[in-house]
Amino acid sequence: MTTTLTPPVATKAGGISISKLSKRYGTGMTAMADVELEVESGEFIAVVGASGCGKSTLLRIIAGFETPTEGSVAVDGGAVTKPGPSRGVVFQDYGLFPWLSVRENVMCGPKQRKSARANAGTIADRFIDVVGLGRVAGKYPHELSGGMQQRVAIARVLANEPSVLLMDEPFGALDALTRSSLQVELSRIHKTTGTTVIFVTHSIEEAVFLADRVVVMTGGASRGIPGHVKEIVSVPRELERDVNSPAFNEIKKQISDLVHGDDAS
Ligand code: ADP
Ligand code: MG
C-alpha cells in the first residue's frame, strides 16, 4: 500500500505503483475511482471488465495521455505526468506508417534516440526477429495481414525498449486463429524480453492464458457507479495454460462470475 506522498521506488525497471487513482471527465460523473495497484517488474497484468468500466482510462493514465483527477502513477519510482519512453503503447488499430516498410516503421523509435540512432537498423532487425517477421521486413503495411501488422506494431514499440508495455485490446480486431497464435507469440515475447505488460482485454480466456494476475474491474457510468477494481485474481505460475484443462476453466469461471455478478459493487 502506498500514499500519494511517498511512491515506493522500484529496484528493477518496469515496476508500477498506482495509488488512489480517480478520473472524472469534464463535469460528468467519475469514470474510474480509487484504483490501487502495485505491479512488479516483469509481471504480466491483464485488466478485464465490461465495456465502460474504465479499463482504457486506466491504461491512458499510465501511458500519460490523460491526467488523473486524483491519485498518482509512478513507473520505476518516477511520477507519470506525460507520455514518455519508459512506456510503450499498442492499440487495437496498428497505427503503422503506411508509406514506410516494416523495417523503416520499426526503425522510427531508435532513429529518434540519440543513443540508438547509429544502431537503428540493428535494433530494428532484432525486434523484427523477436516477432518473427524477418521474411517480410522490406514489405509495406498494406501487403501484410492484420495479424502481421499487429506484430509490426509490437516490434515498433519494443524497439524503443520501454520498461512497460501497455496494450489496449490489441488483438480485438483479429480473427480467432490469428488471435490465438498472437497470444502464444506475446507470451513468448514477454518471457524473452522480461518487459512488464499491462494488457486490457474483453476476453477472460485471453486474460487467464497470458497473465500472472488479472485485475477485474466493474461499475461504470451506465451502471450508476464509478468504474473500480473489484478483485485481483492471481493465476498460479504452474497453471497449465490450456484452454481445455479443468483448472484453467475454473479460474475462467471465477473471473467471469466476478465480471458478470449481480453485485456490481
Ligand atoms: P472501457 O475501456 O472499460 O470500455 P473507458 O475507460 O473507455 O472504459 O470509459 C470509462 C467511462 O468514461 C465511460 O463511461 C466513457 O464513456 C467515459 N469516457 C471515456 N473517455 C472519455 C472522454 N474522453 N470524455 C468523456 N468521457 C469519457
Ligand atoms: Mg476500452
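Read the numbers this way: they start at 1 and go in the same order the structure lists the ligands and their atoms.
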**Report entry** Ser56: numbered ligand 1 atoms lying under 4.0 Å from its heavy atoms
**Finding:** 1 (P), 2 (O), 6 (O), 7 (O)
Report task. Examine the proximity of ligand 1 to Met217 and report which part, side chain or backbone, both or neither, has a heavy atom under 4.0 Å away. Result -> neither
**Report entry** Donor + acceptor pair across side chains of Glu240, Ser245 (<3.5 Å)
**Finding:** no
Requested in this report: Report yes if some heavy atom in the side chain of Pro98 is under 4.5 Å from a heavy atom in the side chain of Tyr140; otherwise report no.
Outcome: no
Query raised in the report: Salt-bridged, Glu185 to Arg188, with N to O below 4.0 Å?
Result: yes
Report summary line: min-distance protein heavy atom vs atom 8 (O) of ligand 1 -> Gly54 N, 3.2 Å
**Report entry** Carboxylate-amine/guanidinium contact Arg213 Glu38, below 4.0 Å
**Finding:** no
Query raised in the report: Which ligand 1 atoms does Ala31 reach within 4.0 Å, using its non-hydrogen atoms?
Result: 11 (C), 12 (O)
Report summary line: closest protein heavy atom to atom 10 (C) of ligand 1 is Gly52 O, 3.4 Å
Query raised in the report: Quick check: are there more than 12 heavy atoms from other residues, nucleotides or ligands sitting under 6.0 Å from CD of Glu169?
Result: yes
Report task. Could you list which atoms of ligand 1 come closer than 4.0 Å to a heavy atom of Thr57? Result -> 5 (P), 6 (O), 9 (O), 10 (C)
Query raised in the report: What protein heavy atom sits nearest atom 14 (O) of ligand 1, and how far away is it?
Result: Ala221 CB, 3.6 Å
Query raised in the report: Is the distance from the Mg ion (ligand 2) to some N, O or S atom of Ser56 under 2.8 Å?
Result: yes
Requested in this report: Report yes or no: does a heavy atom of Ser51 sit under 4.0 Å from some atom of ligand 1?
Outcome: yes
Query raised in the report: Can you tell me if Asp76 and Ser163 form a side-chain donor-acceptor pair at under 3.5 Å?
Result: yes
Requested in this report: Would you check if His228 and Thr218 make a side-chain contact, meaning some heavy-atom pair closer than 4.5 Å?
Outcome: yes
Query - CD (Glu143) with more than 12 external heavy atoms under 6.0 Å - result: yes
Query raised in the report: Got the closest protein heavy atom to atom 19 (C) of ligand 1, with its distance?
Result: Tyr25 CE1, 3.4 Å
Query raised in the report: So, for atom 22 (C) of ligand 1, does the protein have a heavy atom nearer than 4.0 Å?
Result: yes
Query - Within-shell test, Gly220 vs ligand 1, heavy atom, strictly < 4.0 Å - result: no
